[in-house]
There are 2 protein chains.
Amino acid sequence: MSIEEMVLDPYQAGCPTRRILDRIGDRWTVLVVGALGPGPARFSALLRHVEGISQKMLTQTLRALERDGLLTRRAYPEVPVRVEYQLTDAGRSLLAPLKALETWSIDHFTQVHHAQTMFDRRDS
Amino acid sequence: MSIEEMVLDPYQAGCPTRRILDRIGDRWTVLVVGALGPGPARFSALLRHVEGISQKMLTQTLRALERDGLLTRRAYPEVPVRVEYQLTDAGRSLLAPLKALETWSIDHFTQVHHAQTMFDRRDS
DNA sequence: CAGAATCCACCTGGATACTG
DNA sequence: CAGTATCCAGGTGGATTCTG
């Protein structure tokens, strides 16, 4: 194994990074966690504010995050039912890295968009 | 619009964050960028070291990243052909946020795995 | 070696209807 | 309100084959 290969190896399947990225790498997880950043929220609130997510996907995503210990689900036996989701400490600790990504997105959005335009113009 | 709604709104579709996340949120982009972090690499090297990626997906991912201006493609007219991919400044600037995510992954992997085990045991 | 092209199985995820 | 259950279209992406 070359030195180059050793440097690249952190991205082999099965390593922690890879497994976490596979989990949060779906379309919705990051958005749901982000939406819960400010504080607890109800199912319907999340459904409204993570635009484009379906009820099915929200349920699945919340379930997965609960399973990962990143949020807690609390149901209040009222009528009608109220269910609140809240990030755990672990879930909240994910906010900083995601915020970094968000900051990068905002900082580079214009630049990326411009690059795309140039690229598309070239090979047309 | 309530204050809660205003806080949640950054995640509406079409906003910079959302659009970037949609782009890098696929299974491979993050891994390919990460693999290019240490320096330029050839197509075949990436194919070997981003485990599980197919030739088709690697091609697609590299093309998209090139379009975004996050990496450059340089072909050397040798026999056999040699093609090297290298992150641009913009691409490299993405490494820090991704590194933060990677650090988080490593730090929380055990904890997440444990939470999953508990969760699965409970409702079995 | 670095792709392009084709085929197609699988799975994601939306729509809909129903329930406690 | 907060889900569950079912159906199914569309797209993702792997496998394979072929080329400069």
Chemist: Is there side-chain contact between A:Gln60 and A:Met57, with heavy atoms separated by less than 4.5 Å?
Modeler: yes
Chemist: Using the ring pair (Phe, Tyr, Trp, His ring centres under 6.0 Å) criterion, which residues pair with A:Trp28? Sequence neighbours excluded.
Modeler: none
Chemist: For residues B:Val83 and B:Arg73, report the shortest heavy-atom separation together with the two atoms involved.
Modeler: CG1-CG, 3.7 Å
Chemist: Is the distance from OP1 or OP2 of D:dC1 to the nearest side-chain N or O of A:Arg42 less than 4.0 Å?
Modeler: no
Chemist: How long is the line joining CZ of B:Arg82 and C1' of C:dG3, in whole Å?
Modeler: 17 Å
Chemist: Using modelled atom types only, decide if a donor and an acceptor are shared between the side chain of A:Arg74 and the backbone of A:Glu84 within a distance under 3.5 Å.
Modeler: no
Chemist: Going by salt bridge (charged side-chain N to carboxylate O under 4.0 Å, His left out), name the pairs with one or both residues in residues 106-116 of chain A, residues two or more places apart or in two chains.
Modeler: none
Chemist: Rounded to whole angstrom units, what separation is found between the CG atom of A:Leu58 and the C1' atom of C:dG14?
Modeler: 14 Å
Chemist: Using the C1' atoms of the five pairs at each end, what is the angle between the end axes of the helix from C:dC1-D:dG20 to C:dG20-D:dC1, to 10°?
Modeler: 50°
Chemist: Near DNA chain C, which residues from residues 68-80 of chain A have a heavy atom under 4.0 Å away?
Modeler: none
Chemist: Ignoring backbone atoms, test whether B:Thr59 places a side-chain nitrogen or oxygen under 4.0 Å from the OP1 or OP2 oxygen of C:dG3.
Modeler: no
Chemist: Quick one: A:Glu51 CD to C:dG13 P, roughly how many Å, whole number?
Modeler: 17 Å
Chemist: What pairs with B:Lys56 under salt bridge (Lys or Arg N to Asp or Glu O under 4.0 Å), at least two apart in sequence or on another chain?
Modeler: none
Chemist: Give me the atom names and distance for the closest heavy-atom approach of A:Val81 to A:Arg42.
Modeler: O-NH2, 3.6 Å
Chemist: Tell me the closest heavy-atom pair linking A:Leu36 and A:Tyr85, and the distance in Å.
Modeler: CD2-O, 3.4 Å
Chemist: At less than 4.0 Å, is any side-chain N or O atom of A:Ser44 found next to OP1 or OP2 of D:dA2? Yes or no.
Modeler: yes
Chemist: Whether the side chain of B:His108 engages the backbone of B:Trp104 through a donor-acceptor N/O pair (distance < 3.5 Å, no angle test) should be reported.
Modeler: yes
Chemist: Looking at CG of A:Leu101 and NZ of A:Lys99, how far apart are the two atoms once the value is rounded to the nearest 0.5 Å?
Modeler: 11.5 Å
Chemist: Can you measure B:Leu62 atom CG to C:dA2 atom C1' for me and round it to whole angstrom units?
Modeler: 11 Å
Chemist: Would you please confirm or rule out a distance under 4.0 Å between OP1 or OP2 of C:dC1 and any side-chain N or O of B:Tyr85?
Modeler: no
Chemist: Any non-hydrogen side-chain atom of A:Leu94 less than 4.5 Å from a side-chain atom of A:Leu70?
Modeler: yes
Chemist: Which letters describe nucleotides 13-20 of chain D, given B = protein heavy atom under 4.0 Å from base, S = only from sugar-phosphate, - = neither?
Modeler: BBBB---B
